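In what follows, chains carry the letters A, B, and so on, assigned in the order in which the sequence lines appear, proteins first and then strands, with residues in each chain numbered from 1. All values below come from the heavy atoms of this structure, side chains included, with hydrogens, waters and symmetry mates left out. These numbers come from a predicted model, not from an experiment.
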Amino acid sequence: MASRPRSLGAGAISAGLLALILGPIAAVAFHAGGLSLGAADLAALRFTLLQASLSALISAALAVPVAKALARRRFPGRGLLITLMGAPFLLPVIVAVMGLITVFGQAGWINSLGQSLGLPRISIYGLHGVLIAHVFLNLPLAVRMILQGWLSIPAERFRLGQSLGFTPRDIARHIERPMLAQLLPGVLASIFAICLTSFAVALTLGGGPAATTLELAIYQAIRFEFDLAHAAGLALLQTGLGAVAALLAWQLAGMRAGPGAGLDRPSALMPPTGWRRIADGFWLIFAAAFLLLPLTAMALKGLPGLTALPASVWPAALRSVTVALISAFLTVTLGMILVGAVARGGARWIEFSAVLPLAASGMVLGIGLFLLVRPWIGPAQLALPVTLLVNVLMALPFVYRLLITPARNLEADYGRLAASLGLVGFARIRLLTWPRMAAPIGFSAGLSAALSMGDLGVIALFAAPDQVTLPLLVQHLLGAYRIQAAAGAALVLVALSFALFWLLDAGGRYVQAR
Amino acid sequence: MRPFLAACFLTLPSLALPGLAVAETPVLTVMTYDSFTSEWGPGPAIEKAFEEHCGCDLRFITGGDGAALLARLQLEGASSEADIVLGLDTNLTAQAQASGLFAPHGADPATALPIPYQDPLFLPYDWGWFAFVYDKTRTAMPPEDFRALGDSDLKIVIQDPRSSTPGLGLLMWVKAAYGDQAPDIWAGLSDNILTVTPGWSEAYGLFLEGEADMVLSYSTSPAYHRLAEQDDSKDWVEFAEGHYLQIEVAGLLASSKQPELAREFLTFTQSPAFQSVIPETNWMYPAASQTLPEGFETHRPAKSLLLGADEALEARATALTEWQAALGR
């Protein structure tokens, strides 16, 4: 339609994304001279599919009532709760696992309480433990995405419903369900893809080799057998599963729900009373307890460690924050170009390329990039740039999903007006896009900054000893028996991630509200 | 915009300059595991000591743990920028030798190992016994062999042999002690294993959190708590079968452009300047005769177990299959 050049840009970015995902696999396969899979991979495939599907289904099923309650209830501290509940998603995986174990573990809070009441011990180790952890990590994301869907329904539709005498059930059927039908497939596909690559969580909480995921099988192929063809085969399988999930989501997601643009009045949901009020209260308390208890545990563990922090924590923190900010800027810029093109009816394979990175194998990505860049330049010089690249790649799918709905709404509500006024280029961004999308942009920037902060990722493969980032420092402390200092450094890491996230998120909302 | 660009141009050369300055002196590149070079590992002190008399710049490059180093080396082949690889263990040396990437080190073998060890390609720099570590205040009478451990209702945390060096060590330990009966031992242990972690630090963290009664670690782990934290509550339990050894070795890459300097470093690894740093940074036994720090060792196992490099490589695949079958349920 309107701006062809921009679609071209988006196409180029998508092609670049696909190349970045498939290129490293191809490099590894080329190095090994082929691809291979074995019969034993079937068990890993089965377990991976099982845990990833269940994790996605449970996270999404819990997120719907929680988001609904958050959307229609007003209570003191609501804004803070929404922000805090986002935190688990931003945690480095190993920190999250330790927090969960402090609450749900053998010697954890729940078991200590249960024992003093004479209850039998519960165990977190097994498939259910993996699911608890994956839901803990992904529920916040699901809630935020669905909550955004709720808030993007124009208030006029609820008013119309009210004037027609809609009961809460009618509202659910005619207004909310179409919104969910459009949103949920994408949420499910994203969480499914994230959980496909799970490895540390699945193994630690899975309780043993029965919990072997594809990513662990890739580890085995590389470290144990040095069979790169096998590793490349597994990585392709894993990425393929992510692609299938993305395709399914794309088939299932309905088109834009409901007729008519709104007049941009604040949503005036009349919260229903009676049992629905009690149910909403239950969901809010459940979600807050489930998500905030492990966070509290982690903070309590980390506080004493703050006195034992090494001086090197500050340069590492500065390095991490710098990488996080650059990565957030790049991710949001790329994300805006992509959603702009898709919202204007650009090719839908662009959307596809934005989900795929979630299912990429970190190990194969790292090795592939290593093979690709090594003939040209020493890996140590590239540690930070490559980390940046991978961070952008990993955050882009989330940012895309967060920006696409507001971008579509913006296009549907104001696209014609803007076109008729000849509003294009920078003026369009300044007068239309920025004021109307600052909140989701801020949220996306905060999310990608925090994700980048917590990412250990490929830096471990590339880093030189003088380029330690905060997650790597935590790893070093753990490896040197300094568990307490590691807990302190992890707390600093989480506090900084969260502060970055909050600043950007709140900043965006402030700009949009102005 | 302009001030920003100006700032870029002003700072860029200063970032590049240090790189130019060191090009004058020879650079010796040592590839090693992560924790060796962290500020709590032996790396910083060793770099300082070696640079004092070599007239060179010692540079570390890191990549995960021992097995990851070997994988990276096989990936890079003869074009590796490293001169020395430090941090393989005897479970990996057969594979390393088969890669054909190593050259003879030509140094005298270390003397303080509990069993004789000599290899023309690999020079030991430290070693330790794998052992189960427990908390004396929580477990009064720990089981004293694998069968007793299997019969007990104690919970243990171990590491996955596919992603962790100690995990592989345990696999070899059971194999060396029980041979064909290893599957029975694993079957007996399966209900004692609380969970299997990807690496050592997760397992040890879980143990310290009180999640499990014992953790697979080293007989030297309690020394850390005793010496660095003045905490005498941790100990390791001696198993009647004997204890499997981890011998950590360094090797010279055949592709090194400065074999003289590299050999000088290998000789240096046997000197007191290197060896004295090991006990309280790597928390392992030094490979050369060396007075141990006060309180480092309280007891040592009567018997050491070790599979030869080729035996270990041969046993690996079967041992892993048995392990997976017994614990996979």
Residues in residues 210-220 of chain B that sit under 4.5 Å from chain A, counting heavy atoms only: Gly210(B), Glu211(B), Ser217(B)
Main-chain N/O of Ile222(A) paired to Asp227(A) side chain as donor or acceptor, under 3.5 Å: no
Donor-acceptor under 3.5 Å (Ser38(B) side chain, Asp34(B) main chain): no
Proximity breakdown for Ile483(A) and chain B, heavy-atom pairs closer than 4.5 Å: side chain
Contacting moiety of Leu477(A), where chain B heavy atoms sit under 4.5 Å: both
More than 12 heavy atoms of other groups within 6.0 Å of Glu314(B) CD: no
Matching residue for His225(B) among Tyr204(B), Trp283(B), Phe296(B) - test: ring-ring contact (aromatic ring centres under 6.0 Å, His included): Tyr204(B)
Can you tell which part of [X] gets under 4.5 Å to a heavy atom of chain A, answering side chain, backbone, both or neither?
{"X": "Glu209(B)", "result": "both"}
{"X": "Leu70(B)", "result": "neither"}
{"X": "Leu194(B)", "result": "both"}
{"X": "Leu320(B)", "result": "side chain"}
{"X": "Ser164(B)", "result": "backbone"}

Tyr481(A)/Trp200(B) aromatic ring centres below 6.0 Å: yes
Pairs touching residues 156-168 of chain B that satisfy salt bridge (charged side-chain N to carboxylate O under 4.0 Å, His left out), sequence neighbours left out: Asp160(B)-Arg162(B)
Among the listed options Pro198(B), Ser201(B), Ala228(B), the residue most often paired with chain A at heavy-atom distances under 4.5 Å: Pro198(B)
Winner by heavy-atom pair count (cut-off under 4.5 Å) against chain A, out of Ser79(B), Pro44(B), Gly205(B): Ser79(B)
Salt-bridge criterion met for Lys175(B) and Glu322(B) (N-O under 4.0 Å): yes
SB check Glu225(A) Arg316(B) (cutoff 4.0 Å): no
Any residue of residues 124-132 of chain A which, by heavy atoms, sits under 4.5 Å from chain B: Tyr125(A)
Heavy-atom closest pair, residues Met172(B) and Ala315(B): CE-C, 4.4 Å
Closest approach of Met98(A) to Glu202(B) (non-hydrogen atoms, all atoms of both residues): CE-O, 4.0 Å
Arg46(A) side chain to Gln51(A) side chain, donor-acceptor N/O pair below 3.5 angstrom: no
Flag for Ser198(A)-His134(A): side-chain donor and acceptor within less than 3.5 Å: yes
Side-chain heavy atoms of Trp236(B) within contact of Ser221(B), under 4.5 Å: no
Between Ala221(A), Ala486(A), Ser312(A), the one whose heavy-atom pairs under 4.5 Å with chain B are most numerous: Ser312(A)
Residues which pass side chain to side chain contact (heavy atoms under 4.5 Å, CB included) with Ser80(B), listed by chain and number, not counting sequence neighbours: Met31(B), Leu73(B), Glu76(B), Ala82(B), Leu253(B)
